Protein chains: 2
Amino acid sequence: MLSHKSKYALKAALVLAKEYGQGPVLISDIAQREAIPRKFLELILLELRNRGVLQSKKGKGGGYFLGRPPSKVTLGEILRDTEGPLAPIGCVSQFAYVRCEDCRDERTCGIRMVMKDVRDATARILDSTTLADVLKRVETTVSGASQRPHKLPAEFA
Amino acid sequence: MLSHKSKYALKAALVLAKEYGQGPVLISDIAQREAIPRKFLELILLELRNRGVLQSKKGKGGGYFLGRPPSKVTLGEILRDTEGPLAPIGCVSQFAYVRCEDCRDERTCGIRMVMKDVRDATARILDSTTLADVLKRVETTVSGASQRPHKLPAEFA
DNA sequence: AGCTAAGTCGATTTAATCGATAGACTGTGC
DNA sequence: GCACAGTCTATCGATTAAATCGACTTAGCT
């Protein structure tokens, strides 16, 4: 399950993506727009900045902004920064491999095989989806929704 | 990330799958074979039993055993019992839906759309993989490995 | 019946993590 | 130099994860 921290991070990143090219955005602005506790958001943005996803400017007229265009920032990158590895288990992580202490033989571990499949499936989605992709997808949903307003909610399909 | 609890649960279930039809297996046996803290394993097995995955027998000659054939128990079921929902976020869970308190409009939430894809991909794998599948996969890996022993380890591909 | 094997159950401990907040510090622009 | 806005460090309470202890109950055996 995604932590609040990560959800906040994604929301904030999406705001900055939408505002990309318009100059810095205040922490307080983001906090208010997305209903995120101000002080908590500070920490999150700081971390994303230190990881190179965001940049910031101090003083008057300062704030946060994306360090790269929205089409160059993937959800996978952000989630790895805030949640840690995408892999459900350390021994199948590509970027943060850790051996299972008690594992006899990694090559023949059934759990590992299945978890590798899960990791690959998740990574395939999250590493190929950029902030720009998400914005676009939302936009087409919004405009498309007004044309067929009473469609069955997808969440109960 | 998978908790130890879930990893232990999967390991134990695989032992019971391998031993299926051979009568009850002692908690202590499973604990020793898989290097799981005995007392902790008790709790886990008990939970899986109360959920209907396992059955148990008390007294001499007692122990734990699968309640159904290994081909009828999926990893998804076990993981839901020990970890909770497979979904990365409550609002995309099929069996344990919970609304995001602060969500304006679920239908147009970009994060939700992507997380739904992730959930579906994970569930597709875990709900279609049974204990029998895992045992079989391990076995073919073991026998296959001796025929081409120096193949590049898949984990570094 | 009585002994023993084995699972059951409840309480507790310890350490780690999560979500959140406070306050002092640093750099920027005017 | 003053106000603005991000930076950094510390802390706090609540929850959870992982593990452990001890007492209890049930089943089989003789």
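Being a predicted model, the structure only gives us computed values, none of them experimental.
- Residues Glu47(B) and Thr82(B) bring no donor and acceptor atom of their side chains to less than 3.5 Å of each other.
- When rounded to the nearest whole Å, the span between CE of Met1(B) and C1' of dT16(D) equals 17 Å.
- Rounded to whole angstrom, the span from the CZ atom of Phe40(A) across to the P atom of dT7(D) amounts to 17 Å.
- Under a 4.0 Å N-O distance rule, the pair Glu106(B)/Lys116(B) does not qualify as a salt bridge.
- A straight line from NZ of Lys39(A) to C1' of dC8(D) spans 9 Å, rounded to a whole angstrom.
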Open item on the list: Just to be sure I follow the notation: if a pair is Watson-Crick (purine N1 to pyrimidine N3 plus N6-O4 or O6-N4) or a G-U wobble (N1-O2 and O6-N3), each under 3.5 Å, what dot-bracket string does DNA chain C give, with | for pairs to another strand?
Closed with: ||||||||||||||||||||||||||||||
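- Every ring-ring contact (aromatic ring centres under 6.0 Å, His included) that Tyr8(A) has, sequence neighbours left out, goes to His4(A), Phe40(A).
- For the pair Asp29(A) (side chain) and Leu26(A) (backbone), a donor-acceptor distance under 3.5 Å is absent.
- Look at CD on Glu42(B): it is 13 Å from C1' on dT25(D), rounded to the nearest Å.
- Rounded to whole Å, atom C1' of dA18(D) lies 13 Å from atom CG of Leu41(B).
- Identified under the ring pair (Phe, Tyr, Trp, His ring centres under 6.0 Å) test for residues 99-120 of chain B, with sequence neighbours left out: none.
- Between Asp81(B) and Arg49(B) there is no salt bridge, since no side-chain N of the basic residue sits under 4.0 Å from a carboxylate O of the acidic one.
- The outermost nucleotides of DNA chain C lying under 4.0 Å from heavy atoms of chain A, listed 5' to 3', are dG19(C) to dG29(C).
- Salt bridge absent: Lys136(B) and Glu139(B) never bring a charged side-chain N and a carboxylate O closer than 4.0 Å.
- Between the side chains of Ser93(A) and Arg119(A), not a single donor N or O lies within less than 3.5 Å of an accepting N or O.
- Both His4(A) and Val25(B) sit near DNA chain C, but only Val25(B) has its closest nucleotide nearer the 5' end.
- Applying a 4.0 Å cut-off to non-hydrogen atoms, the residues of residues 54-64 of chain A that approach DNA chain D are Ser56(A), Lys57(A), Lys58(A), Gly59(A), Lys60(A), Gly63(A), Tyr64(A), listed by residue number.
- Among the protein residues, Leu26(B) comes within range of the sugar-phosphate backbone only, with heavy atoms under 4.0 Å from sugar or phosphate atoms but none that close to a base.
- In this structure, the CZ atom of Arg49(B) is 16 Å from the P atom of dT25(D), given to the nearest Å.
- Look at Glu34(B) and Lys7(B) and you find no salt bridge, because none of the NZ, NE, NH1 or NH2 atoms lies under 4.0 Å from a carboxylate O.
- Backbone-only engagement by Ile27(B) is indicated by non-hydrogen atom pairs under 4.0 Å involving sugar-phosphate atoms exclusively.
- With respect to Asp117(A) and Arg124(B), no salt bridge is recorded, no charged nitrogen being found less than 4.0 Å from a carboxylate O.
- Distance, Leu43(A) CG to dC12(D) P: 16 Å, rounded to whole Å.
- Every residue two or more places apart in sequence or in another chain was checked for a ring-ring contact (aromatic ring centres under 6.0 Å, His included) with Tyr64(A), and none qualifies.
- Place Asn50(B) and Leu2(A) on DNA chain C by their nearest nucleotides, and Asn50(B) ends up nearer the 5' end.
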